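Before any comments, here is the structure.
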Number of protein chains: 2
Amino acid sequence: MRAEDQTEVVYVVDDDPSARESLCWLLGTEGIASQAFASAQAFLDYWSSDCSGCIMVDIRMPGKTGLQLQNELNARHNLMPVIVLTGHADVPVAIRAMKQGAYDFLEKPYADEELLSCVKTALELGREISDAESEKTRVASALENLTEREREVMCLVVEGNTNKVVAAQLGISEKTVEIHRSRVMEKTAARSLSELVRICLILKDKI
Amino acid sequence: MRAEDQTEVVYVVDDDPSARESLCWLLGTEGIASQAFASAQAFLDYWSSDCSGCIMVDIRMPGKTGLQLQNELNARHNLMPVIVLTGHADVPVAIRAMKQGAYDFLEKPYADEELLSCVKTALELGREISDAESEKTRVASALENLTEREREVMCLVVEGNTNKVVAAQLGISEKTVEIHRSRVMEKTAARSLSELVRICLILKDKI
DNA sequence: GCCGTTGTAAGGGTATTCCCTTATTATATT
DNA sequence: AATATAATAAGGGAATACCCTTACAACGGC
């Protein structure tokens, strides 16, 4: 299932049932779908990389804390923005949450409009990140079908070398380079050299 | 003067003279150059885009506060990491500082080792940002020397179109496209199409 | 042993790019 | 009025890329 097929959901993680309910109700008034979890572990069990939307998590919870949940999500390369909520905040915790990549940090009690606007921008950001990521995995899977030699040729070609130079560097014939090169274009579905360069640059930080 | 020629300095902005002195002394023990300012305005008057290093700013100051200074620096497209220091922090201020792009947020009194390691990583990050930025301005100035027509041709070529297609799209002859194209390569100092594509991608977020 | 994949190489043809020169027109600058 | 710059166009030739086919050797799986 691709990210685009997934419905956008706000995942609410809070041990306090009334806090969960009021938050989900508030989101519902704006037509935003939500799903509540009573503990960090419950959400981690549910979480998959296909989830799409954003996450709202309370700091103080029995079992795993909100910060630990955030850490675990980072380790799993979660892409959804995380909004941290808390009733008893101190500065070091807030800073740590932000440095761990929290999208925002809200103190309870929150102003409804503030929270909603925060959620909406978080969902917007989540969409952008998800789109960029699905693009990355698409081209990454294309590159995985390349043989070693094809990859070597591709890198040298993308660096701006002509077939002749590539052939000399790899100690093979220009004709062979031609063949590898055409296979690279075929497998990556790139219709021009510039497209191939863009594909490689997208994955530069991923490879 | 280019950024590379500039010495790396930690700019300390704090209204408390003893705080400035102790901080600068601490930095000096590690061989880190520093420069102290008694107010946000004093630093803003000194600031230029050529400055290189990082900035340490106290929140509570008469006149402009640390957050206002941060805002002003953002408006001026400051590239140096900003470390916010404060003795009396509350969560909203800390969050605001982080959301405004602060590199870190430390509470006084600070642990010397913590502060030093923070400064060192900030300086490291500053170098990387500065390097990337000087690369951007270098290629940006190259693109400014292009005529409108040359820019049009460049964009279409970088998108992967052949001279023939570009000529059809612009309603001009293939030969003319050839000339514009060669001028683009000459002015941008790109030695291959792939290099030109990379140049355009570097500036995609800047143009 | 047979088959699919991979890497290698060649022949032949077409399309494209790259580089040289020359030339006209319009616009802006001096 | 003279000059410079930008945009246009053409001819010609060398280098390169692109696309087709055929071919062979090595290697692993069935």
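Convention: sequence-line order gives letters A, B, ...; per-chain numbering from 1. Because only heavy atoms are used, hydrogens play no part in the values below, and waters and symmetry mates are left out as well, while side chains stay in. Not measured: the values here are computed from a predicted model.
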Take atom CD of A/Glu195 and atom C1' of D/dC18, then tell me their distance rounded to the nearest Å. 16 Å
Would you say A/Thr147 places a side-chain N or O within less than 4.0 Å of OP1 or OP2 belonging to C/dT5? no
Gap between atoms CD and P, on B/Glu148 and D/dA7 respectively (whole Å): 8 Å
Would you state whether a donor and an acceptor, one from the side chain of A/Lys175 and one from the base of C/dG7, lie under 3.5 Å apart? no
Would you say C/dT8 has OP1 or OP2 under 4.0 Å from some side-chain N or O of A/His180? yes
Between B/Ile179 (CD1) and C/dC18 (P), how many Å, whole number? 14 Å
So does B/Arg151 pair up with B/Glu148, basic N to acidic O under 4.0 Å? no
In whole angstrom, give the distance that lies between atom CD of A/Glu152 and atom P of C/dG7. 9 Å
Decide, yes or no, whether a salt bridge links A/Glu150 with A/Lys187 under the criterion of side-chain N to carboxylate O below 4.0 Å. yes
Nearest-Å distance, CZ (A/Arg191) to P (D/dC19)? 13 Å
How close or far is atom P of D/dG12 from atom CD of B/Glu174, stated in whole angstroms? 16 Å
Across the strands shown, which category fits B/Thr176 at heavy-atom distances under 4.0 angstrom: base, sugar-phosphate, nothing? base
Value in whole Å for how far the P atom of C/dC18 lies from CZ of B/Arg181: 5 Å
Under 4.0 Å: is that the gap between some side-chain N or O of B/Thr162 and OP1 or OP2 of C/dA15? no
For D/dA17, take OP1 and OP2 only and decide whether either is under 4.0 Å from a side-chain N or O of A/Asn163. yes
Relative to each other, are the rings of B/Phe43 and B/Phe37 parallel, tilted or perpendicular (30° and 60° limits)? perpendicular
If you find the nucleotide of DNA chain C closest to A/Lys187 and the one closest to A/Ile172, which residue's nucleotide is nearer the 5' end? A/Lys187
Take the protein atom CZ of A/Arg183 and the nucleotide atom P of C/dT8, then report the distance between them rounded to whole Å. 12 Å
I'd like to know if the side chain of B/Gln70 pairs up with that of B/Asn74 as donor and acceptor (distance under 3.5 Å, no hydrogens or angles considered). no
Judged by nearest nucleotide, the residue sitting upstream toward the 5' end of DNA chain D, A/Ser182 or A/Lys164, is A/Lys164
Considering only NZ, NE, NH1 and NH2 on the basic side and carboxylate oxygens on the acidic side, decide whether A/Glu195 and A/Arg198 come within less than 4.0 Å. no
